[in-house]
Every structure is written in structure tokens, then in C-alpha cells.
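What follows is a single structure, written as C-alpha cells, with notes after it.
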Protein chains: 2
Amino acid sequence: MKDAHLRFAVLAADTALFTMRDGTLYVRLISVDRPPHFKNVPGLPGGLLHPSETAEKAAARHMKEKAGIKAGKMYVEQLYTFSKVDRDPRGRVVAVAYLALVPWNTLSTREQSDANGAKWVAVKDARHLAYDHDAILMLAIQRLRSRVRYTTLINKLMPREFTLTELENAYECLTSSNLDKRNFRKKILKLKILKELPHKKSSGRFRPAQLYSFVSPNVSEIEIL
Amino acid sequence: MKDAHLRFAVLAADTALFTMRDGTLYVRLISVDRPPHFKNVPGLPGGLLHPSETAEKAAARHMKEKAGIKAGKMYVEQLYTFSKVDRDPRGRVVAVAYLALVPWNTLSTREQSDANGAKWVAVKDARHLAYDHDAILMLAIQRLRSRVRYTTLINKLMPREFTLTELENAYECLTSSNLDKRNFRKKILKLKILKELPHKKSSGRFRPAQLYSFVSPNVSEIEIL
DNA sequence: CCAAAAGTGTTTTTCCTACACCCATGT
DNA sequence: ACATGGGTGTAGGAAAAACACTTTTGG
């Protein structure tokens, strides 16, 4: 890194992008290849800021360039800024980390697949990442799990239309809990954050399920679980 | 700012330090004197990072140097990183902002008083600050108010020993609410986060009040209000 | 008619809220 | 003895938790 000698730290933006599929949470990882420290080690997508770009913009740009995911469809919020002096062995880099979410079904075939070393990895298998990305990822997962309980954040992981069972499964996956079907439905419907759609999902050879969507696309603070 | 021409943004750390006194929340402000943009405008204490110092360290150092408050006694947590390109009119400065709390009674006489342009200002009077510090302060207050509801953060604003009435007043001040004395006591005692001390506070000419302290000095996540 | 997931109600318990009076102390 | 803030209990309503069977569909 040619700028490591600068008087001031260099700034980077790293993103932990999650999606959910088949009741499992996945994170988008790229391959970090920076010998001698990192030879094809998995890591979170990210990179340096341009001189006149916000950290958010840089995060989106690197997400596109390195992880192949277009920024527009992601929900992004700032997670934490990591400023430990030795977090990058090659020089002083301060990273603004972002937590991002995207519904699996809104991804294109290319975005769903592995390419250029970028791939979707089940979070339980995402370990031994480059730099301090293990710590960033752990914090992101913790924040996601916590915010799901008292905000409508799960919205940003669900397809636009979904059944109550799918929503319940998503909550159970994120909070590692088993919810009572009847109580869950009573509670979530009483919150008035969902609207019943005029059609049903004939998903298989069984009874079709009523479809719902969130009333508002925004993430709001409501006690949920 | 001689470094504004650098290829990368310069990093700063700014701190919103709060204390509580007589049922009012105060924030520590300094005087920012950087003509032509800011001539003795109030602002949050902060400044640039040294090249091999974490943002936390820089925040503590500037707090000491500019606001005259020793770092050891403060509780500090990261608030948000502000990276708008034009947030500092003199150049590209990205600020890592911190939310800090200190109990009024642990401050020395010097720290309690105004000196060198540093002073304690009631938050309702803290406006028209330098840079984007209005936004930082607003976010800090919002975060403080929100975290007080579901964590034991208020611990870090209270003296080590306090009466239940004092604690209730602190909650009422922070959440702008009126709590029922009996219900508040029942609830807070059921949480088991307080321990009754063996002595009472003979505060005036009235009935002495039982003193309590927090069981743990840590900030933990518990639904409180 | 069978398999599989969708959908639904009641009871019990817990928690929250509203509310008013006596207590202990210093002067 | 009085002024002042400290301290307590109960009843009614709302919300949460526990719990099992019927419905709808495709094959």
C-alpha cells in the first residue's frame, strides 16, 4: 500500500451484506489476495475511499466492483468504525463498516451465483477472514439479531410478498428461537405493519397460503419479539 | 488546514459528553475559533487523530486538552461516523463521533467549572454549533434517550450511590415523561439490577432515603421502560 | 382418501396501570 | 406539631403464553 507512510490514516469502507435463503443466513464474501499477508483469504468486500466520496458511496462502489452486487437494491446502515492501529498489517487503515441486507429473490442470477471469488457463504461457515473482518462480521450479526427484535428491519431480508409462515421462519432463523405459530400471528397482525394481499401463494400441492407485504418500506422502531 | 490537499480524508474524533445535574442534562462545549468560518462558535470538543492512535484515544486526548475533562472517569461509546464531503468547510475531514457520559459528582471542581471557553451547557440551549455538530449532538441525544430505555446506560450518569427518587428523576429527565413512583419502584427493583446499600441518605431535614447502587458497573441490555 | 402445510380460539398467568395514605425526620 | 419528601398495596384490565384440532389442497 503506497500510502501507508502518510501522516494520517487512510479510510476504507467494508460491508457485511446478508441475505436469507432456505432458512439460512448468508454473507457475501470476496477473496482477498494481498501477499504476503493474505493469499486468497475470504474477506468482506470493501476498499478505500476516493478523496471526494462519502463512506457510504465508497461502500456501494466496492460492493458493486468486488462483490458484483448492485447498490440500489441493498438496504445499508452504518455499523461501526474500526480504528485499531494494526488492523491492516500493511499500514494504517481505518474502516467504516456497514451492515447491508438484500432479499434473495431480488438478486439477478449473476448476483446469486459465485463469481470472481465473490460468493455467498452461510454465516456459520464464515470464519478466518482477512484483516479484522471476523470481528466486523461478528458485530454485524449481533447487531442484525438485536435490531430485528425491536425494528421492522426484517423487511429488508424478505421478498415483497411472503406468507406468515415464511416470516415466522425468518424470525426463528435470525433469533434462533421457536415461536408459537398462533401467538406469532396474533402479535404480528396486531402491530399493523403488514397488509393482506388480494392473492394467495399456491406453493405446492398443499393448501395455498395468504400472502402479505409490509405496509411501509421503511425500517421503523417497534417492539416485535 | 494544511492537509486539505491530501489524497485521502483526514480523520477526526468528536465527543458529545453529557452529565446530569439538578434534573437537567448538560453537554460539554468548547469554543471553536477558526476564522474565517468559525469565530468563537460553540462546538463539541474534538480534533484530528495522530497517525498511530485509535479514534477512541484521540477522542480522549482532545477531551482532556480542549474540554479539560480527564478521560478515565468517562464512559464512552462510539456514536456514528460522519463522512459528508463538505462537513468541514476547510477540507475533507471525516469525524468519528462518540457519545460519552460522566456523573456530575465525580468531576473535580475544575472540571465542573467553565474554563478556556469550555463549559457545561444545558442541551436545550446547545444549538448553532460549528461544523455539523448540531447534527452530531442531535443524534447523540436521540441515541442516549433511546438506549436509556433498554439498557442500564443511566448507570453512567448516576453517582455510585443514589436514592430511588433520584433515579426516577433521572429517567424522567431523559425520557421527558412522568413516572408513577410506586410502579417505577416495583419495576426497577424486580429487574435485580440494583442493590440496597446498608446506609441511608440524610439529605435534609426530612425522612432519610434508602441508598442503592447498581449491582454491576457494566451496561447491559434489559428492557427498562 | 391421504399427506402436508395453513389456519384458528380459549384459558391461564403475568405484567401494567391507576390510584391515596401513612411514615420518618429536622426544625 | 408541622412541613416535607420517603415509602407502601391492591384491584382491574391488557397482554403474553400455553395449548390441539380443523381446513384446504394436490396427488
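Sequence lines set the chain letters: A, B, ... in the order given, protein chains first and strands last, and positions in each chain run from 1.
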Residue pairs fulfilling ring-ring contact (aromatic ring centres under 6.0 Å, His included) with at least one residue in residues 196-225 of chain B, sequence neighbours excluded: B:Phe162-B:Phe214

Protein proximity profile, nucleotides 7-15 of chain D - base contact B, sugar-phosphate-only contact S, no contact -, cut-off 4.0 Å on heavy atoms: BBBB-----

Any donor-acceptor pair under 3.5 Å from A:Thr15 side chain to A:Leu17 backbone: no

Nearest-Å distance for atom pair CZ/P, residues A:Phe184 and D:dA17: 13 Å

Residues which pass salt bridge (Lys or Arg N to Asp or Glu O under 4.0 Å) with B:Glu161, listed by chain and number, not counting sequence neighbours: none

Interatomic distance where CD1 belongs to B:Ile224 and P belongs to C:dC15 [whole Å]: 16 Å

Minimum-distance nucleotide (side-chain atoms of B:Lys187 versus C:dC16, D:dA17, D:dA3): C:dC16

Atom-pair distance (CZ on A:Phe206; P on C:dA4), nearest Å: 6 Å

Side chain to side chain donor-acceptor pair (under 3.5 Å) involving B:Ser108 - partner list, sequence neighbours excluded: B:Glu111

Whole-Å distance separating the CD1 atom of A:Ile188 from the P atom of D:dA16: 12 Å

Value in whole Å for how far the P atom of D:dC19 lies from CG of A:Asn178: 14 Å

Which residues share a side chain to side chain donor-acceptor pair (under 3.5 Å) with B:Ser31, sequence neighbours left out: B:Asn40

For B:Ser83, side chain to side chain donor-acceptor pair (under 3.5 Å) partners two or more places apart: A:Glu56

Helix axis bend for the helix from C:dC1-D:dG27 to C:dT27-D:dA1 - C1'-based end axes, five pairs, 10° rounding: 0°

Whole-Å gap separating C1' (C:dA5) and CD (A:Glu166): 12 Å

With sequence neighbours excluded, residues passing side chain to side chain donor-acceptor pair (under 3.5 Å) with A:Ser177: A:Thr175

Pairs meeting criterion ring-ring contact (aromatic ring centres under 6.0 Å, His included) with involvement of residues 130-160 of chain B, two or more places apart: A:Tyr150-B:Tyr150, B:Phe38-B:Tyr131, B:Tyr131-B:His133

